[in-house]
Amino acid sequence: MKRELTCIICPRGCGLTVDIEGDNVSVSGNACPKGKEYGINECTNPTRTVTSIVRVANRVDTMVSVKTENPISKDNIFDLMKIIRAKEVNAPIEIGDVICDNVFGTKVIATKQVK
Amino acid sequence: MLKCDIAIIGGGPAGMAAACAAYDAGVKDVIIFDREDEMGGILRQCIHNGFGLHKLGKELTGPEYAAVYANMVKERGIKVYTNTTVLKLNEDKIITATNTDGILKIKAEAVILAMGCRERSRGALNICGTRPAGIYSAGTAQKLINCEGYMVGKRVVILGSGDIGLIMARRMSLEGAKVEAVCEIMPYSGGLTRNIVQCLEDYNIPLYLSTTVAEIHGRERLEGVTIAEVDANRQPIESTKRYIPCDTLLLSCGLIPENELTTGAGIQIDRVTSGAVVDQNRQTEAEGVFACGNVLQVHDLVDYVSDEAEIAGKGAAKYVMGQKASGETVLTKAGNGVRYVLPQRIVKNDEDIALFLRVTNPFGKVKFTVRSGDEVLMTAIRLKAAPGEMEKLVVKADKMANAKNEIIVELEEV
């Protein structure tokens, strides 16, 4: 089975052709090794990095931007969003601070400093 | 009156990179002026990732990319005036600014313009209908959600498929809104292909090309929009009109370089880029005034903003240190298939020259030719070219020597 897709790893957006024959997966059209990895993952277990915001409880009108440290399975995105939306944190916060630990195989970390 | 060697207007990615480059080139007396409470510019609200892949070899979110440069500024001890709005730049490079201390006047040896852009508004788009609440420019919605924690609406239509519109389609979906459609007046999307995938396809949001919002409905709050396909003149086709109920309309219909200060100083603006006319050092027609980042040309990737800002920073430093560019001037011109070329002027001086351009339409495989009269200076093949993806062509110094009067950049499909 052949699948045509666009790599999203970098803004080049190479057009990939992924060929799946049972356990054999091959990728063509990629300009770099990351694209090959993306092509295989996208057809076997698609994942995404999720970015969002969390309210800073002890500051007025302040949100801290966050991201998943590693990509998570696409199927879990909306469940992760429920967890993130329910969370509140207190300043001070540094980039890299763990906001939610152990969620869907990764952590949610801060991407902004809040003094 | 305060004096400084280099004054930088804007502390976003362009201003910060220009400041560090000027400092590292030998001019330490640099001041950055920014109207917000912290540096970072537009990156502060761009919480998504994809920044820095080329420049830093890492995939960062906007705030993380901004923090890299803010730390570089701090490490160098460069002065930053935050919460300070520049009101005017005059022809003598005197800046008038205001903050809670009152009015400041600063005399600079060189100025770097790095003010970024603003968004095209509903009024400028002339969309018919009522004026209910619920209509935002995509960037305003982004700021309200990401920086202030407000949810701007629940049922959304987005006009414009540039990157901001696509990113906001995903953002709204993640926060629980229903994005009914993204409408794009052109027959192709203006955004990066990766954003079509990760913002629209991932969330099953339909993209309607050659389609616009013809009318807005609702009294106090938006109730719906009438969308319609457009003809070759981009006018709505009556028989294709249909109504989409919604409470929020996001407009992502163009970024406009914020050049009020530039025109106020009498500096010439390029009608196509809406930014200043510059040479390869990013110096404008006003001696000692440089420009970089989105205020000069709207960029797709912040990585290239940082590169451009380094050029301007080094250029301003050289100017302050007495190394003024002089030599034969050559003008650049956009030829077949090319919308604009930057820099618009080149002062010949034995350097490789990097030309930046955008094409007029999406193309498949093309061959770019850079020529001066009949003399071909360089050619390059690209497998595809799109208006939404800035291209870079480098003309080597030995070839530049053959350029006279005018350089034309054109393409042909191959």
Side-chain angles (χ1 to χ4, degrees), chain A residues 4-16 29 31-32 34-35 38-39 42 46-57 59-71 74-75 77-82 84-85 87-88 93-96 108-115, chain B residues 37-38 40 43-54 57-68 70-71 142-151 163 167 170-171 173-176 191-199 201-203 300-304 383-384 386 388-390:
Chain A
E4 305 272 334
L5 41 95
T6 305
C7 180
I8 62 170
I9 297 294
C10 90
R12 275 178 87 162
C14 295
L16 304 175
C32 81
K34 286 192 182 143
Y38 172 80
E42 191 66 5
T47 59
R48 296 284 185 266
T49 297
V50 178
T51 57
S52 188
I53 44 165
V54 170
R55 189 167 296 279
V56 181
R59 296 282 182 274
V60 176
D61 283 345
T62 306
M63 310 298 286
V64 63
S65 50
V66 300
K67 71 177 181 189
T68 53
E69 195 172 35
N70 299 110
K74 268 174 90 171
D75 294 333
I77 292 176
F78 282 99
D79 288 329
L80 177 65
M81 284 304 300
K82 280 199 191 107
I84 289 175
R85 263 204 295 281
K87 193 83 184 153
E88 273 193 0
I93 303 165
E94 295 300 321
I95 294 180
V108 173
I109 59 176
T111 55
K112 183 171 131 173
Q113 182 194 54
V114 180
K115 294 196 185 131
Chain B
D37 58 351
E38 279 176 38
L43 291 178
R44 296 174 74 202
Q45 65 187 65
C46 295
I47 63 158
H48 52 282
N49 61 348
F51 301 90
L53 278 157
H54 297 280
K58 292 192 254 196
E59 206 192 340
L60 300 178
T61 59
E64 288 170 310
Y65 191 98
V68 168
N71 287 335
Q142 187 182 54
K143 180 150 192 183
L144 287 168
I145 298 175
N146 292 344
C147 298
E148 298 176 40
Y150 290 99
M151 192 47 185
D163 290 318
I167 292 289
R170 177 175 63 182
R171 190 78 191 93
S173 301
L174 284 173
E175 291 297 348
L192 296 168
T193 317
R194 77 196 294 243
N195 285 332
I196 302 283
V197 175
Q198 62 189 359
C199 299
E201 289 174 14
D202 273 9
Y203 299 91
D300 320 308
L301 298 179
V302 75
D303 307 61
Y304 297 154
L383 296 177
K384 53 182 165 120
E389 285 162 37
M390 195 186 288

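All heavy atoms count here, side chains included; hydrogens, waters and symmetry mates do not. A, B, ... follow the sequence lines: proteins, then strands. Residue 1 opens every chain.
Interface summary for chain A: among B/Asp303, B/Leu383, B/Asp202, the most heavy-atom pairs under 4.5 angstrom belong to B/Asp202. No other option in B/Glu175, B/Glu148, B/Lys384 has as many heavy-atom pairs under 4.5 Å with chain A as B/Glu175. Per-residue counts of heavy-atom pairs under 4.5 Å with chain B were compared for A/Arg85, A/Arg55, A/Lys82; the largest is that of A/Arg85.
Neither the backbone nor the side chain of B/Glu201 comes within less than 4.5 Å of any heavy atom of chain A. Only the side chain of B/Tyr203 comes within contact range of chain A, with heavy atoms under 4.5 Å apart. Residue B/Gln45 does not touch chain A at all, counting heavy-atom pairs closer than 4.5 Å. If you measure heavy-atom distances from A/Leu5 to chain B, you find no contacts under 4.5 Å at all.
Closest non-hydrogen pair, A/Thr51 versus B/Arg171, comes out as O-NH1, 4.2 Å. Heavy-atom minimum distance, A/Met81 versus B/Leu174: CE-O, 3.4 Å. Here the shortest heavy-atom pairing between B/Ile145 and A/Ile53 reads O-CD1, 2.9 Å. Nearest heavy-atom pair across A/Ser65 and B/Ile47 is CB-CG2, 3.4 Å.
Remark: B/Leu144 CG to A/Asp61 CG distance equals 10.5 Å, nearest 0.5 Å.
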**Message:** Go through it in stages, so that I can follow the logic: the residues are B/Arg194 and A/Thr6, the test is side-chain contact (heavy atoms from CB on, under 4.5 Å), and I'd like the CA-CA distance, side-chain angles, deciding distance and then a yes or no.
**Reply:** CA-CA 7 Å; B/Arg194 77 196 294 243; A/Thr6 305; 5.6 Å; no
**Request:** Give the intermediate values and the outcome of side-chain contact (heavy atoms from CB on, under 4.5 Å) for residues A/Lys67 and B/His48.
**Result:** CA-CA 8 Å; A/Lys67 71 177 181 189; B/His48 52 282; over 6 Å; no
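More than 12 heavy atoms of other residues, nucleotides or ligands sit less than 6.0 Å from atom CZ of A/Phe78.
Residues of residues 108-115 of chain A placed with any heavy atom under 4.5 Å of a heavy atom in chain B are listed by number as A/Thr111, A/Lys112.
Residues B/Asn146 and A/Met63 form no side-chain contact, since every pair of their non-hydrogen atoms from C-beta on lies 4.5 Å or further apart.
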